[in-house]
Amino acid sequence: MTLDTSTRLVHSGQGRETGSPSTPPIHTGSIRLSAGDADELDYSYGREGNPTWEVLEQALGELEDARALVFASGQAATFALIMALTEERSRLCLPSDGYFGARLLAGMLQRCGIESVALDLADLAKVERALDVHPSVLWAESPTNPFLRVLDLEKLGRLAAQTHTPMVVDNTTATAALQRPLDLGATAVMTSLTKSSSGHADVLLGAVTTRDEGLAERVLEWRTRAGSIAGPFEAWLTLRGLRTLPLRIACQSRNAAAIAAFLTEHARVRRVHYPGLDPATRALAKRQMPGGGGPLLSFELDGDSNAAVRVVRASHLVRPASSFGGLQSSWERRARWPGETAPESLIRFSAGIEAEADLIADVESALEAP
Ligand SMILES: *Cc1c(COP(=O)(O)O)cnc(C)c1O
C-alpha cells in the first residue's frame with residue numbers, strides 16, 4: 001500500500017505497540033551510561049545523535065524521500081552544507097536576490113578561500129557561463145525572498161548536471177509540501193524549519209535533505225564536529241508542527257493569493273509580488289508548485305519608507321514582525337534590515353491561517369493610514 005505523503009507525515013515515528021506513548025518522547029541527557037571500554041552505544045555522547053532528532057529526521061525524510069539531517073538553525077544547515085560541498089570546489093554561485101543571510105555568510109567564508117558570485121538565476125545563459133568557467137556549487141532559491149520570483153529549477157538542474165555542479169535549493173519559502181527540488185535535479189535541499197515547516201513561530205531549526213549518502217555523511221560530520229546540533233525540545237516542537245504542514249500551507253497559500261489579488265487592485269499599491277502573478281512565470285509556477293504559491297507575498301507601496309512604516313503600524317490583526325510561515329499573519333518593511341536590498345516601500349507579508357475576510361478587512365483599514 002503506498003500512502004500519501006500527508007498520511008505518512010502524520011504517522012511517522014510512532015509505534016503501535018500496546019502501551020507505547022502516543023507521541024515520541026523528548027530525550028534530553030547529554031550522556032548515556034556505559035558498560036565499559038567495549039560498549040557500542042548509538043548515543044554515548046549527545047553531540048553525536050539523539051533519538052528525538054531522529055524521529056524528526058525520519059518525518060522530514062518521508063516528505064522528500066531522502067535522508068534528512070537537522071541543525072540548530074537554517075544558517076547552521078547552510079554552513080555545514082557549504083563546507084561539505086566546497087571540499088572539491090571553491091566557488092559558490094548564489095542568487096543576487098536570494099536570502100540575504102546566505103549572502104552574508106558566503107561573504108564571511110571568503111577567508112576560507114571560498115569565492116562567492118551573486119547571479120541573476122533567471123538569466124540561464126549567464127548561469128551557464130558562470131558554471132563553465134570554474135568548478136562551483138550552484139545555490140538556488142525559489143520562490144526568491146522577498147520578490148517571490150519563480151525560477152525554473154528543472155532548467156537550472158539541467159545546467160548544473162551538464163557541468164557536474166551540485167545544485168542546492170533553499171526550499172524554505174515553499175517547503176517540501178509545495179515543491180520537491182530533489183525531483184528537479186537538486187543534489188541537496190536546505191530548509192529553515194524556523195518558518196512554515198515548524199509553523200508556530202516558536203523555534204529556530206534547519207535541515208539538509210539529500211539522496212546522496214556520501215554527501216549526507218560529510219554534512220553529518222560537519223554537524224558533529226562543529227556542534228551545530230538541534231535541541232531535543234526544538235526538534236519535538238518542530239515534529240509536532242510538521243505533521244500539520246500540508247494543512248497549514250494550503251490555507252496560507254489560499255489566504256496569500258487572496259490578499260495578493262486584493263492588493264493588485266488597490267490604489268495605494270504600486271506592485272505586488274506573488275508566485276503565479278507574473279504572466280511570464282505563471283505556467284512555471286503552476287507546474288513547479290502545483291499545491292499553491294506559499295505563505296509569502298510582498299508589495300511596494302506608492303509612497304516612501306515612512307508611508308510603509310505607518311501602514312505596518314496601523315494593523316490590528318496582522319502582526320508587525322519579521323520571519324514568516326507562522327499561524328498568525330505578520331508583515332514588515334523589509335528594507336529595515338541592513339544588508340537587505342529591497343526597495344524602501346516594500347512590505348513583506350506572511351499569510352497565517354486566519355479567515356480570509358478578516359485579513360483583507362485589516363489590510364484594507366491599515367492601508368487607509370495617512
Ligand atoms: C530564515 C531563512 C533562512 C535562515 O534560517 P534561520 O533558521 O533563521 O537560520 C534561510 N533561507 C531563507 C529563505 C529564510 O527565510
Side-chain angles (χ1 to χ4, degrees), residues 53 56 60 68-83 92 94-109 116 118 121 137-151 153 168-179 181 186 188-209 219 222-223 226-231 234-235 237-238 241-242 245 249 252 256 273 275 289 293-298 321-326 330-332 334 336-337 339-342 346 348-351:
W53 309 338
L56 172 60
L60 288 164
L69 293 165
V70 298
F71 286 83
S73 67
Q75 284 293 87
T78 296
F79 179 68
L81 189 52
I82 291 177
M83 294 315 274
L92 199 57
L94 292 156
S96 45
D97 64 341
Y99 179 64
F100 75 99
R103 282 201 303 280
L104 296 179
L105 176 61
M108 290 177 74
L109 294 178
S116 62
L121 298 190
V137 174
L138 175 61
W139 193 276
E141 185 182 330
S142 183
T144 64
N145 179 358
F147 290 106
L148 287 314
R149 289 200 308 155
V150 180
L151 298 170
L153 296 178
V168 175
V169 175
D170 179 336
N171 203 28
T172 302
T173 307
T175 79
L178 297 179
Q179 178 171 275
V189 167
M190 195 295 294
T191 309
S192 167
L193 304 175
T194 309
K195 315 294 166 53
S196 309
S197 300
S198 61
H200 294 66
D202 50 12
V203 294
L204 273 110
L205 224 62
V208 170
T209 33
V219 171
W222 274 98
R223 180 179 78 180
S228 46
I229 54 169
E234 282 75 7
L237 278 174
T238 302
L242 192 70
L245 170 65
I249 208 140
Q252 288 171 308
H273 308 280
M289 303 171 70
L296 261 195
L297 63 115
S298 65
S322 189
S323 195
F324 60 88
S330 63
W331 59 2
E332 67 171 339
R334 199 56 197 164
R336 72 194 180 105
W337 296 103
E340 173 62 88
T341 50
L346 182 135
R348 193 182 71 178
F349 187 103
S350 170

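Numbering of ligands and ligand atoms starts at 1, following listing order.
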Side chain to side chain, [X] and [Y], heavy atoms closer than 4.5 Å:
{"X": "H273", "Y": "L296", "answer": "no"}
{"X": "R223", "Y": "W53", "answer": "yes"}
{"X": "R336", "Y": "S322", "answer": "yes"}

Does ligand 1 have any N/O atom under 3.5 Å from a protein N/O, and what are those pairs and their distances?
residue  : atom   : partner : partner atom : Å
ligand 1 : 5 (O)  : S192    : OG           : 3.0
ligand 1 : 7 (O)  : G74     : N            : 2.9
ligand 1 : 7 (O)  : S192    : OG           : 2.8
ligand 1 : 7 (O)  : T194    : OG1          : 2.7
ligand 1 : 9 (O)  : G74     : N            : 3.1
ligand 1 : 9 (O)  : Q75     : N            : 2.8
ligand 1 : 11 (N) : D170    : OD2          : 2.6
ligand 1 : 15 (O) : K195    : NZ           : 2.7

Worksheet item: With sequence neighbours left out, what residues match A342 under side-chain contact (heavy atoms from CB on, under 4.5 Å)?
Response: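 A342: side-chain contact (heavy atoms from CB on, under 4.5 Å) contacts with P146, R334, E340, L346.
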
Item to complete: Return the set of residues passing side-chain contact (heavy atoms from CB on, under 4.5 Å) with T175 (not counting sequence neighbours), or none when no residue passes.
Response: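 Counting only residues at least two positions away or on another chain, T175 forms a side-chain contact (heavy atoms from CB on, under 4.5 Å) with A177, S196, S197, L245, I249.
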
Worksheet item: Quick one: ring pair (Phe, Tyr, Trp, His ring centres under 6.0 Å) partners of W139, sequence neighbours excluded?
Response: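 With neighbours one apart ignored, the set is empty.
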
